[in-house]
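Contents: one structure, followed by commentary.
Being a predicted model, the structure only gives us computed values, none of them experimental. Counting convention: from 1, in listed order, for ligands and their atoms alike.
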Amino acid sequence: MITCEKQIKSEYLKNILDMLEKKNSHEAEFIQAVKEVLISIEPVILKHEEEYKKLAVLERMIEPERIISFRVPWVDDNGNVQVNRGYRVQFNGSLGPYKGGLRFHPSVTQSIMKFLAFEQVFKNSLTCLPIGGGKGGSDFDPKGKSDFEIMKFCQSFMNELQKHIGHDIDVPAGDIGVGAREIGYLFGQYRKIKNSYEAGVLTGKGLEYGGSLVRKEATGYGLMYFMREMLKANNITVADKTVTISGSGNVAIYACEKAQEMGAKVVAMSDSSGCIYDAEGIKLDIIKEIKEERRGRIKEYINYVAGAKYFENNSNMPAIYNIKADVILPCATQNDINLSTAKILVNNGVIAIGEGANMPCTNEAVEYFIANKVLIAPGKAANAGGVATSALEMCQNSMRYFWSFNEVDKKLENIMINIFKQCESAADEYGCGCNYVAGANIAGFRKIVKAMKAQGII
Ligand code: NDP
């Protein structure tokens, strides 16, 4: 069962969507993310309409508890003063301290921050760990900056952010443009300002100073654990499937590693310039060297592998989506797959989509996939392995102890299996069949509403 916007029956929901558009008229991504969730949970809303209306559940659910926006001045290597804008959106803390990554990318706006923080609330709820939802970042572009410039930016960013975070308040981590290097500089500045070693204030830290084994691999591995469970529930195996992965950052690289370990053949990966195609299967050690060690461009792959091809993106569609595959893993950024791309993928016989990125498919693309019986592993559920392992990092920091790689990996696998089960049973309960997008939204929503109700009108 898929509800389209035109078919909404609940008057309460119609009014909320109307208000959402009026109040946030310049925030397209935020409106998109909220609509996807609210429309898909209409069966739950209809069941509790009067109560939700009386308690203004949806009004509270879509309004962030707090948005912090601040100036980030820093001095570049030429001695020029640069100014960026920083954000932290603390969306919903009813399940625990706000938790969610920091994104450094020139495309960052308040709308992007709010959509990511809103999605994070549901994702964190699905992990069943005690974490609320938040997100932050800056329109700073790390590309082409020296190490020294990155450090100075991170220090200036933390000078303000430190006023609003803490291991029981808000615990940021990485996202696009924020990896181990940036987390290190951010943590160093926090420690200097506070004169206190609060390891649990940031996650994604280096292993030498409080990081967790498997955190680096967690989002990509988790995505494939979820994909395996989803395919298994539909009598399909991962082994021997062809896979393409958009992106070649943290999530994409470790999704590739786990997919290969499970016996799939990954034939293409990309970055924002274009994609490489290797019919024999991607050699991941080469990708790691180009991307993790040298921070180079994916195009360089063809210099190492005879027979591999490179396709430049054109303005209509990322080149990678022209390549046929059974399983597509969008692991780059939001709105990568729109309706016309979805039609090409369905035409090419795609079986399943695994959203490693947050909101990589537009709402129209998701509806089209579901209508055409393509299985979708929704980002909120399928990429929750990263934040779940961040919560395990917080846990180890509190214990002043660490678990082995296998211990953390096993916990991650069990969390992802449990997340899939929640999506499956919520979808089943509300007659949504294999619509795991609705299943994830319903399962995440119910838990947050319970906690919000218990805590009163705040
Ligand atoms: P990275 O910065 O490590 O990698 C991002 C990748 O996506 C790069 O290959 C980058 O290419 C590509 N990319 C970024 N922006 C664009 C764009 N506008 N158009 C096309 N390609 C783009 O980020 P992550 O791997 O950490 O994050 C990827 C996605 O996964 C994001 O949506 C993030 O929110 C989501 N995610 C990440 C988690 C994590 O643990 N890291 C957890 C859950 C979700 P280029 O180098 O050319 O910019």
Side-chain angles (χ1 to χ4, degrees), residues 29 33 99-109 112-113 115-120 122-124 126-127 133 135-137 139-144 172-183 203-204 212 214-223 226 245-256 268-276 287-288 290-292 294-301 312-313 315 317-321 329-337 354-361 377-391 393 412 416 419:
E29 294 85 359
K99 181 93 197 81
L102 297 171
R103 177 177 291 192
F104 292 168
H105 194 272
S107 64
V108 162
T109 58
I112 303 257
M113 293 288 99
F115 115 66
L116 288 165
F118 177 76
E119 296 242 311
Q120 195 80 44
F122 291 78
K123 184 186 307 192
N124 294 3
L126 286 168
T127 66
K135 200 84 187 188
D139 58 1
F140 171 74
D141 186 359
K143 271 202 201 103
D175 190 77
I176 292 179
V178 179
R181 174 180 60 169
E182 290 74 18
I183 294 291
T203 58
S212 173
V214 194
R215 176 60 190 91
K216 184 174 69 171
E217 295 83 357
T219 309
Y221 278 20
L223 172 65
F226 188 99
I245 305 178
S246 78
S248 46
N250 173 260
V251 179
I253 286 176
Y254 292 95
C256 179
M269 291 181 81
S270 68
D271 60 20
S272 57
S273 311
C275 79
I276 46 134
I287 299 282
K288 283 185 180 176
I290 296 170
K291 287 291 176 182
E292 291 190 326
R294 289 197 284 105
R295 298 175 194 273
R297 307 304 298 161
I298 199 134
K299 186 180 185 176
E300 295 163 37
Y301 184 88
E312 192 87 21
N313 286 340
S315 56
M317 184 179 79
I320 193 162
Y321 297 122
L329 304 178
C331 296
T333 192
Q334 64 277 353
N335 292 332
D336 219 14
I337 300 180
E355 295 188 332
N358 288 306
M359 206 168 73
C361 304
K380 279 184 214 81
N383 71 34
V387 73
T389 308
S390 274
E393 182 174 330
L412 167 67
M416 297 313 297
I419 292 177

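For ligand 1, the polar-atom distance check finds no N/O of D336 at less than 3.5 Å from any of the ligand's N/O atoms. Of the N or O atoms in D271, none lie within a sub-3.5 Å distance of an N or O in ligand 1. Among the atoms of R215, some N or O lies under 3.5 angstrom from an N or O of ligand 1.
When the heavy-atom distances from atom 9 (O) of ligand 1 to G385, A252, S248 are ranked, the shortest goes to S248.
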Exercise. D139 and T109: side-chain contact (heavy atoms from CB on, under 4.5 Å), yes or no, with the steps?
Worked result: CA-CA 7 Å; D139 58 1; T109 58; over 6 Å; no
For this session: Go through the steps to decide whether K299 and S273 satisfy the test side-chain contact (heavy atoms from CB on, under 4.5 Å), and finish with yes or no.
Result: CA-CA 8 Å; K299 186 180 185 176; S273 311; over 6 Å; no
Problem set entry | Pair S272-K143, side-chain contact (heavy atoms from CB on, under 4.5 Å): steps then yes or no | CA-CA 12 Å; S272 57; K143 271 202 201 103; 4.0 Å; yes
For this session: Mind running side-chain contact (heavy atoms from CB on, under 4.5 Å) on H105 and T333 for me, showing each step along the way?
Result: CA-CA 11 Å; H105 194 272; T333 192; over 6 Å; no
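Of all atoms in ligand 1, numbered sequentially from 1 with element shown, those under 4.0 Å from a heavy atom of G177 are 2 (O). Near G356, the atoms of ligand 1 lying under 4.0 angstrom from a non-hydrogen atom of the residue are 30 (O), 35 (C), 36 (N), 44 (C). Which parts of ligand 1 touch R297 is read off a 4.0 Å heavy-atom cut-off, strictly below it: atoms 45 (P), 46 (O), 47 (O). Of all the atoms in ligand 1, the ones that sit under 4.0 Å from a non-hydrogen atom of R103 are 31 (C), 32 (O), 33 (C), 34 (O). For ligand 1, the atoms lying closer than 4.0 Å to a non-hydrogen atom of A357 are 29 (C), 30 (O), 32 (O), 35 (C). Near G247, meaning under 4.0 Å from any of its heavy atoms, are these atoms of ligand 1: 9 (O). For ligand 1, the atoms lying closer than 4.0 Å to a non-hydrogen atom of C331 are 28 (C), 29 (C).
With respect to atom 24 (P) of ligand 1, the closest heavy atom belonging to the protein is V251 CG2, 3.9 Å. Taking atom 40 (O) of ligand 1 as the reference point, the nearest protein heavy-atom neighbour is T219 OG1, 2.7 Å. For atom 34 (O) of ligand 1, the nearest protein heavy atom (residue, atom name, distance) is D175 OD1, 2.6 Å. Among all protein heavy atoms, the one lying closest to atom 27 (O) of ligand 1 is I176 CG1, 3.7 Å. The closest protein non-hydrogen atom to atom 18 (N) of ligand 1 is T333 CG2, 3.7 Å. Protein heavy atom at the shortest distance from atom 29 (C) of ligand 1 is A332 O, 3.3 Å. Shortest contact from atom 11 (O) of ligand 1 to any protein heavy atom: S272 N, 3.3 Å. Here the protein heavy atom with the shortest distance to atom 48 (O) of ligand 1 is K143 NZ, 2.9 Å.
Judged by the shortest distance from any of its heavy atoms, H105 lies inside the 4.0 Å radius around the atoms of ligand 1.
Counting heavy atoms from C-beta on, the side chains of L223 and C331 come closer than 4.5 Å. When side chains are defined from C-beta on, N383 does not count as touching E355, because their heavy atoms never get closer than 4.5 Å.
In terms of heavy atoms, G222 sits closest to L412 at N-CD2, 4.2 Å.
Formation of a donor-acceptor pair under 3.5 Å by the D271 side chain with backbone atoms of R297 is not found in this model. Of the possible polar contacts, none joining the K135 side chain to the L102 backbone as a donor-acceptor pair under 3.5 Å is found. At distances below 3.5 Å, at least one donor-acceptor pair connects side-chain atoms of N313 with backbone N or O atoms of A319. Between the side chain of T219 and the backbone N or O of G385, no donor-acceptor pair lies under 3.5 Å. The main-chain N or O of G136 is never found under 3.5 Å from a side-chain atom of R103 such that the two would form a donor-acceptor pair.
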